[in-house]
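Chain letters run A, B, ... following the sequence lines, proteins first and then strands; every chain starts at 1. Treat the numbers as computed from the prediction; the structure is a model and nothing was measured.
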2 protein chains.
Amino acid sequence: MRIDHLSKQQPAHPGIIHVEPLFLPENVIKALTIDNLIFGLDNDELKVLLVKRHEPGHDNLWALPGGWIRYDENLRDAAARLLEEWTGVKNLYLEQLKAFGRIDRFPNERVVTIAYYALVSAENYQDVIALSAGDVHWASVNNLPELIYDHAEILSYGIKFLRHQVCHQPIGFNLLPEKFTLLQLQALYEAILNTTLDKPNFRRKIMKMDLLTPCNEKQQGVPHRAANLYRFDPEVYKQLSESGFSFEI
Amino acid sequence: MRIDHLSKQQPAHPGIIHVEPLFLPENVIKALTIDNLIFGLDNDELKVLLVKRHEPGHDNLWALPGGWIRYDENLRDAAARLLEEWTGVKNLYLEQLKAFGRIDRFPNERVVTIAYYALVSAENYQDVIALSAGDVHWASVNNLPELIYDHAEILSYGIKFLRHQVCHQPIGFNLLPEKFTLLQLQALYEAILNTTLDKPNFRRKIMKMDLLTPCNEKQQGVPHRAANLYRFDPEVYKQLSESGFSFEI
DNA sequence: ACAAAAGTGTTCTTCTTACACCCATGC
DNA sequence: GCATGGGTGTAAGAAGAACACTTTTGT
């Protein structure tokens with residue numbers, strides 16, 4: 001709905017800051033778009049948010065949620081704005097993935113896209129579908145539908161990248177609720193990496209890093225012994241990484 | 001010389017595929033440029049290639065070598081073309097770094113740049129200066145001059161990224177000659193990481209990875225015992241990484 | 001009592017670190 | 001023979017892997 005006007009309604013002489021009257025928002029760099037890879041965790045399964053696209057040429061294919069970069073907005077701000085427009089949620093974890101610009105990636109027109117990836121916490125996971133304007137779907141990364149343009153390539157790159165990042169940067173926490181148990185964290189890694197981990201060893205490894213602060217609270221309403229809740233401490237991580245510590249799973 | 005026409009000679013209505021008669025090459029996406037971070041190793045010091053820019057506003061500042069992306073060329077092809085234009089050398093190691101697009105990074109006009117980083121082997125290191133058209137300079141990354149626009153920010157990000165990459169991907173070899181000694185490799189890591197490493201331990205760590213094939217040759221003309229020469233084997237690395245191996249220094 | 005998950009302990013192996021040492025070669 | 005770098009050995013300690021075990025709590 002947001003990204004697909006150019007090739008049909010516009011002849012091939014759009015200007016960089018020229019204001020288009022009809023279908024395009026004002027002040028966009030028309031050759032440049034954002035595509036967001038929005039990841040979430042659902043029952044220990046890694047999901048990505050896809051949107052349905054109704055285009056004449058491509059019948060109802062799925063796509064990454066994206067849109068145009070405005071002429072007067074920073075790249076990251078554009079990605080954050082579009083992220084909020086599509087999910088209804090603010091302030092998610094968001095980082096640039098890569099620019100994709102194959103000549104023929106977009107029909108009729110040269111369009112370069114800058115892909116960002118975002119992580120949705122468990123608290124917001126359900127809201128994302130509820131708040132967004134229909135035709136939006138959490139797809140399992142292990143069972144993806146056919147995607148439009150080069151979005152399969154972008155997503156595949158992004159999943160590989162996420163698998164790498166999650167092992168080398170403490171970003172996985174962004175997929176969990178603010179307060180989480182060690183087993184939830186372990187399940188997260190097992191889900192993203194498609195593997196199984198040894199519980200005692202995983203606990204020790206994480207705890208030795210001193211990145212988690214205990215909430216002095218326990219799980220509520222579980223049908224078994226309640227686990228301690230922890231919270232990730234970005235301040236401690238910042239200090240540690242300045243003194244040479246590097247996160248590794 | 002290549003990147004600095006837009007703000008002065010062009011009024012603010014360039015078209016995406018419109019052919020400009022005078023100063024711009026044809027068929028460029030005018031809002032999009034490439035900037036290359038070209039690294040080389042000189043006497044165990046990490047250097048980066050900078051070019052002098054003669055612009056009215058900024059008196060003789062240094063810049064990253066870059067240029068326009070043509071309308072009909074892939075991003076990576078554009079980076080490779082510009083890399084060859086500036087260095088005279090083909091087929092260097094080249095990967096995308098990141099897109100930079102702060103609103104005010106470029107004067108008068110919104111220009112997004114996609115930064116790539118390249119590694120120049122020891123064989124080509126001297127040629128780069130010799131072949132390129134003047135006003136080009138290998139600067140030590142530890143002693144950088146003032147740079148134009150946001151190039152200092154881009155370079156600082158790139159150096160940090162290179163330091164990380166070199167520890168997690170076997171890319172350092174691209175800075176050495178094709179055949180190199182283990183001590184050359186160690187000196188490379190010491191130069192890039194600004195640290196010292198234990199010789200016996202470094203050797204064992206590298207050799208255990210099985211990524212180096214001995215050339216069955218020794219150094220020539222050194223005033224001490226000649227070291228064995230090795231060569232990096234990308235095929236072996238490919239196989240290993242497919243079976244789960246991950247490179248770590 | 002039992003199921004289900006929380007959490008601890010122990011052993012064996014491997015890797016890391018630090019440092020001592022011998023080897024080959026040109027001058 | 002001595003300086004210079006090439007190359008190997010080794011022992012102590014840290015970290016990782018595998019798995020047995022005890023604890024807590026809701027039903």
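- Atom CG of L229(A) and atom P of dA5(C) are 16 Å apart (whole Å).
- Residue-to-nucleotide proximity on DNA chain C shows that, of K205(B) and Q184(A), the 5′-proximal contact is made by Q184(A).
- Here the straight-line distance linking atom NE2 of H164(B) with atom CD1 of I192(B) works out to 14.0 Å at 0.5 Å rounding.
- The base of dG7(C) sits with one of its N or O atoms less than 3.5 Å from a complementary donor or acceptor on the side chain of K199(A).
- Side-chain N or O atoms of Y189(B) include one that pairs as donor or acceptor with a backbone N or O of V166(B) at under 3.5 Å.
- Following rounding to the nearest Å, Q220(A) (CD) and dT25(D) (P) show an atom-to-atom distance of 12 Å.
- No contact: L182(A) has no heavy atom under 4.0 Å from any strand.
- Whole-Å rounding puts the Q186(B) CD to dG7(D) C1' distance at 12 Å.
- One cannot find a donor-acceptor pair under 3.5 Å joining the base of dG7(D) and the side-chain atoms of R204(B).
- The nucleotide whose nearest atom lies closest to any side-chain atom of R203(B) is, among dT16(C), dG9(D), dG7(D), dG7(D).
- Here the C1' atom of nucleotide dG5(D) and the CG atom of L185(B) are 16 Å apart, to the nearest Å.
- Counting only heavy atoms from C-beta outward, the side chains of L37(A) and F39(A) approach each other to under 4.5 Å.
- If you check dA18(C), dG7(D), dA18(D) against the side chain of N228(B), the one that comes closest is dG7(D).
- Ring pair H137(A)/W62(A) is tilted by interplanar angle, where 30° to 60° counts as tilted.
- Counting to the nearest Å, the P atom of dG9(D) and the CE atom of M207(B) are 14 Å from each other.
- Distance CD/Q169(A) to CD/E248(A): 9.0 Å, rounded to 0.5 Å.
- If you check dC19(D), dG5(D), dG16(D) against the side chain of D198(A), the one that comes closest is dC19(D).
- In this structure, E190(A) atom CD and dA5(C) atom P are separated by 13 Å, rounded to whole Å.
- The side-chain heavy atoms of L176(B) and L41(B), taken from C-beta on, include a pair separated by under 4.5 Å.
- Between G221(A) and K208(A), the residue anchored closer to the 5' end of DNA chain D is K208(A), taking for each the nucleotide with the nearest heavy atom.
- dA5(C) atom C1' lies 18 Å from atom CZ of F180(A), rounded to whole Å.
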Does the protein touch nucleotides 20-27 of chain C at the base, only the backbone, or not at all? Give it as B, S and - per nucleotide, heavy atoms under 4.0 Å.
B--BBBS-

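- Taking atom CD1 of residue I249(A) and atom P of nucleotide dA17(D), one finds them 11 Å apart after rounding to whole Å.
- The listed nucleotides are dT17(C), dA18(D), dT8(C); the one nearest the side chain of N201(B) is dT17(C).
- Side-chain contact between L61(B) and K52(B) is absent, with no heavy atoms from C-beta onward closer than 4.5 Å.
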